Amino acid sequence: MPNHLLDLSGLDQGKLEALLRTAAHFKQTRYRGTDLSGKTVALLFEKPSLRTRTTLEVATVHLGGHALYLDSRQVGLGVREPVYDVAKNLGRWVEAIAARVNKHESVIELAEHSGVPVINALSDAHHPLQALADLLTLRERFGRLEGLRLAYVGDGNNVLASLLEAAALAGVEVVVSTPEGYEPDPALLERAGARLVRDPYEAVRGAHAVYTDVWTSMGQEEEAERRRRDFAGYTVTPQLMAAAGEESIFLHCLPAHYGEEVVEEVVRGPQSKVFDQAENRLHTVKAVLAHLVGGRPWSG
Ligand code: CP
Ligand code: NVA
């Protein structure tokens with residue numbers, strides 16, 4: 001049974017710790033290896049990407065493997081042929097699949113039928129690779145994860161879902177601030193022991209980190225107008241960062257929609273760690289590939 005990373009629910013604390021430790025080691029040593037020697041990773045993307053695609057490709061190269069980008073317009077996942085058939089075909093040729101999909105069910109189906117490890121490179125429900133980089137960034141800044149408090153201000157979306165799962169494993173306390181109707185799955189909130197606070201100013205008070213993501217995710221473009229109205233007052237501004245406190249850092253998975261969930265001044269300001277976060281996407285995905293595809297042991 002191959003290892004998959006569809007969300008973070010399949011990880012335990014030991015595996016999470018191994019991934020973060022390997023990622024930190026890779027970063028520190030500028031690791032180049034042969035973990036994926038002779039192996040091909042198919043990158044099947046139904047949505048655009050800068051960070052996820054680039055870091056998957058670069059990480060695969062650093063590990064001695066080959067990455068094959070497959071444009072979904074050519075593949076026609078579920079359109080030109082069923083996901084089942086795509087999974088069965090790819091599994092005969094490549095050693096792993098990283099997929100960015102419209103519907104989370106598609107990564108589940110790829111995992112069920114391909115016979116090779118499948119990594120979720122973002123779905124409508126989860127973004128596990130992002131949350132791993134987020135944890136590494138937090139740990140670098142504060143030297144620990146346990147007991148940190150993170151305030152997430154904005155849409156209760158895929159990025160937040162993975163962040164909640166990651167935080168639950170790592171002992172990070174999450175305070176979520178969304179407008180009514182945009183809350184994350186209550187079961188996820190509960191599992192993470194996260195609190196919901198409507199007022200963003202109250203939510204960020206005493207937080208080690210303030211995190212936001214776009215109000216309109218890829219695929220929701222038709223709702224953009226309504227969302228801009230519904231999210232009024234939830235923009236991360238220098239005033240909100242000041243309310244969090246000088247020591248608090250700002251995080252965003254990027255890309256940002258400037259003037260909506262955040263203003264440029266915050267992303268380029270002294271509290272921002274967003275480009276460290278983006279850099280850490282490389283080191284963490286490299287760790288994921290080394291453990292899941294390269295067979296690197298989880299312990300030791
Ligand atoms: N944060 C992130 O996943 O960025 P991309 O959409 O550019 O991959
Ligand atoms: N929530 C965003 C994240 C992009 C990295 C989206 O799904 O479009």
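All values derive from a computational prediction rather than experimental measurement. Just follow the structure's listing: the first ligand is 1, and inside any ligand the first atom is 1.
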Could you tell me if N280 and E140 have a donor-acceptor pair between their side chains, going purely by distance under 3.5 Å? yes
Distance-only donor-acceptor check, side chains D213 and N157, under 3.5 Å: yes
Is it true that the side chains of H66 and K39 contain a donor and an acceptor less than 3.5 Å apart? no
Does any donor atom in the side chain of T216 or H257 lie under 3.5 Å from an acceptor atom in the other side chain? no
Validation: residues 160-173 side-chain donor-acceptor distances under 3.5 Å, sequence neighbours left out:
residue : atom : partner : partner atom : Å
S162    : OG   : H127    : N            : 2.7
E165    : OE1  : L8      : N            : 2.8
E165    : OE1  : S9      : N            : 3.4

Expected contact list for ligand 2 at under 4.0 angstrom, heavy-atom basis, is L122, N157, N158, V159, D213, V214, S217, M218, L254
Aromatic contact, Y234 with Y182 (centres under 6.0 Å): no
Heavy atoms under 4.0 Å from ligand 1: which residues qualify? S49, L50, R51, T52, R100, H127, Q130, C253, L254, R281
Partners passing side chain to side chain contact (heavy atoms under 4.5 Å, CB included) against S272 (at least two apart in sequence or in another chain): F250, V274
Looking only at the side chains, is there a donor atom on one of R281 and T52 sitting less than 3.5 Å from an acceptor on the other? yes
Between F26 and H283, is the gap from one ring center to the other below 6.0 Å? no
